[in-house]
Amino acid sequence: MNVAAYLHPERLLVCFWQMDHSIPVIHAYKELNPSTDVNFSELGYTHTDVIVHSSDTRLHWFPVDSIDSLNGQHAFEGSAWFEESGFRMLSDDTCSTIIQAPTPMHASIQARQSIIERCGGLAHEVSIHVDIDLDIQAAIHCTQPRVSPWLLIGRRGALWQATLVSSEHLPIAYSSFSHDTDYSNDTMVSLILRAMQDRYAVAVDALMLYGDNVTADNILSMRQTWQSKGIRVARLQPFSRIRSVLDTEVEQRMLKRAHVVAPLAAVMLRDATPRA
């Protein structure tokens with residue numbers, strides 16, 4: 001049995017799962033107080049996948065000349081851009097990667113020192129992930145390629161994240177936007193859409209939404225608004241290729257929050273059978 005824990009500011013989200021013929025099967029899902037003291041090693045789990053929330057990280061994107069030079073560039077970028085006390089660089093294998101033809105783009109990522117310590121206290125052996133990276137992976141993994149570019153837009157805490165996905169089904173650009181409390185989610189999405197189209201000189205006809213404080217009703221409202229403008233709107237639902245043995249009430253609660261807990265799904269989908 002595997003365990004994944006998402007250190008969300010509002011709750012500690014925990015999922016227990018295992019593979020069945022290359023299909024992830026969820027056996028238990030729990031929503032705990034964010035400060036809950038738990039050690040998964042003491043429960044018999046030697047390894048835990050831990051997901052860090054965007055509000056506890058800092059990202060800096062930079063071009064990579066070659067994969068061979070990645071480690072050196074990563075160390076340089078980290079030292080050059082991150083000197084803030086209370087933060088620590090994550091290791092190379094936990095950094096998000098985004099491909100922007102013809103040059104790969106990579107992210108140097110720092111997490112709060114207190115969060116790193118919290119991760120270490122969850123199990124003897126942990127793999128640390130960042131939710132934005134997993135949100136992108138979940139969207140790519142559970143969505144069929146489109147003939148035209150589309151936008152993945154999500155909110156994590158006070159930060160909006162926008163990822164442009166190409167017709168080759170690859171993330172080709174990423175931008176972040178601070179949430180303006182004077183604006184509704186609908187207005188923020190409209191502003192982000194316009195900014196991304198202008199910034200990257202591209203027209204998109206589809207949006208996929210996810211994240212904190214973005215409700216299913218919110219997304220339904222936006223779908224009705226944008227449909228008249230020829231833009232399709234969908235909610236990130238990454239559990240279509242994952243089975244569960246949860247009771248109906250727990251399963252429905254998880255599916256209702258699918259666009260919020262997508263990073264948990266992405267961890268499970270890494271070893272799933274590739275989409276045909």
Side-chain angles (χ1 to χ4, degrees), residues 1-8 10-32 34 36 38 40-41 43-54 57 90 93-98 109 119 122-145 152 154 156 161 163 165 169-171 208-212 216 234-276:
M1 191 77 71
N2 305 290
V3 59
Y6 185 11
L7 301 181
H8 194 282
E10 296 181 1
R11 56 185 70 87
L12 172 61
L13 303 168
V14 183
C15 194
F16 300 89
W17 58 282
Q18 64 183 22
M19 301 299 293
D20 180 11
H21 297 93
S22 298
I23 298 176
V25 181
I26 302 172
H27 286 258
Y29 170 70
K30 299 182 182 299
E31 297 182 357
L32 308 173
T36 299
V38 59
F40 294 106
S41 294
L43 299 176
Y45 300 92
T46 56
H47 178 271
T48 301
D49 285 292
V50 183
I51 303 160
V52 178
H53 192 266
S54 295
T57 65
L90 297 182
D93 60 356
T94 60
C95 285
S96 310
T97 300
I98 192 169
I109 304 175
C119 293
L122 290 174
H124 294 319
E125 181 183 335
V126 298
S127 294
I128 303 176
H129 312 272
V130 182
D131 59 3
I132 174 56
D133 186 29
L134 295 178
D135 284 323
I136 295 173
Q137 289 185 38
I140 295 296
H141 206 98
C142 73
T143 306
Q144 292 284 5
L152 174 67
R156 291 298 182 192
Q161 303 160 338
T163 305
V165 181
H169 211 51
L170 293 172
M208 178 169 284
L209 305 177
Y210 70 92
D212 309 334
R235 179 170 73 105
L236 176 54
Q237 300 187 67
F239 292 97
S240 59
R241 299 183 58 237
I242 297 175
R243 297 204 309 262
S244 87
V245 293
L246 304 174
D247 66 57
T248 303
E249 182 180 350
V250 175
E251 184 178 80
Q252 288 303 310
R253 183 167 72 246
M254 191 176 196
L255 291 177
K256 184 177 180 180
R257 294 178 177 171
H259 62 289
V260 179
V261 302
L264 290 172
V267 168
M268 292 182 270
L269 287 169
R270 290 175 306 175
D271 299 320
T273 302
R275 181 183 292 276

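Hydrogens, waters and symmetry mates are skipped; everything else that's a heavy atom, side chains included, is used. Along the sequence shown, residues carry numbers from 1.
- Within the 4.5 Å cutoff, the side chain of His47 has heavy atoms near those of the Ser127 side chain.
- Side-chain atoms of Leu7 and Leu12, non-hydrogen and from C-beta on, do get closer than 4.5 Å to each other.
- In this structure, the side chain to side chain donor-acceptor pair (under 3.5 Å) partners of Arg257, at least two apart in sequence or on a different chain, are Glu31.
- With contacts defined as side-chain heavy-atom distances shorter than 4.5 Å, the pair Met1/Val3 does not qualify.
- Between Met268 and Cys15 the shortest side-chain heavy-atom distance falls below 4.5 Å.
- Not counting sequence neighbours, the partners of His53 by the ring pair (Phe, Tyr, Trp, His ring centres under 6.0 Å) test are His8.
- The line from CG of Leu152 to CD1 of Ile132 is 7.0 Å long, rounded to the nearest 0.5 Å.
- With sequence neighbours excluded, the residues forming a side-chain contact (heavy atoms from CB on, under 4.5 Å) with His169 are Ile140, Thr143, Pro145, Trp150, Val165, listed by chain and number.
- Scanning all heavy atoms of the two residues, the minimum distance from Asp247 to Val250 falls at OD1-N, 2.9 Å.
- Nearest heavy atom pair, residue Val126 against residue Cys119, reads CG1-O, 3.4 Å.
- Taking the six-membered ring where tryptophan is involved, the planes of Phe16 and Tyr45 are tilted, since the angle between them lies from 30° to 60°.
- In this structure the side chain of Val38 never reaches within 4.5 angstrom of the side chain of Lys30, judged on heavy atoms.
- Residues meeting the side-chain contact (heavy atoms from CB on, under 4.5 Å) test with Leu255, sequence neighbours left out: Phe239, Glu251, Gln252.
- Between Asp131 atom CG and Gln137 atom CD the span is 11.5 Å, to the nearest 0.5 Å.
- Closest non-hydrogen pair, Arg235 versus Met208, comes out as C-CG, 4.3 Å.
- At least one donor-acceptor pair under 3.5 Å links the side chain of Ser41 to the backbone N or O of His124.
- The heavy-atom pair separating Ser54 from Gln161 by the smallest distance is OG-NE2, 2.8 Å.
- Qualifying salt bridge (charged side-chain N to carboxylate O under 4.0 Å, His left out) partners for Asp20, counting only residues two or more places apart in sequence or in other chains: Arg243.
- The closest donor-acceptor contact from the side chain of Arg156 to the backbone of Val260 lies under 3.5 Å.
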Intermediate values then yes/no, side-chain contact (heavy atoms from CB on, under 4.5 Å), Val14 and Phe40: CA-CA 10 Å; Val14 183; Phe40 294 106; 3.8 Å; yes
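- Residue Leu264 holds its CG atom at 11.0 Å from CG of Leu269, rounded to the nearest 0.5 Å.
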Verdict with supporting geometry, Tyr29 and Val261, side-chain contact (heavy atoms from CB on, under 4.5 Å): CA-CA 11 Å; Tyr29 170 70; Val261 302; 3.7 Å; yes
Verdict with reasoning, His129 to Asp49, per side-chain contact (heavy atoms from CB on, under 4.5 Å): CA-CA 7 Å; His129 312 272; Asp49 285 292; 2.8 Å; yes
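- Partners of Ala262 according to the side-chain contact (heavy atoms from CB on, under 4.5 Å) rule, which considers only residues two or more places apart in sequence or in another chain, are Asp135, Ala138, Leu236, Pro238.
- For the pair Met254/Ile26, a side-chain contact is recorded, criterion being any heavy-atom separation below 4.5 Å from C-beta on.
- Residue Val267 comes nearest to Ala4 through the heavy atom pair CG1-CB, 4.3 Å, listed as atom of the first residue, atom of the second, then distance.
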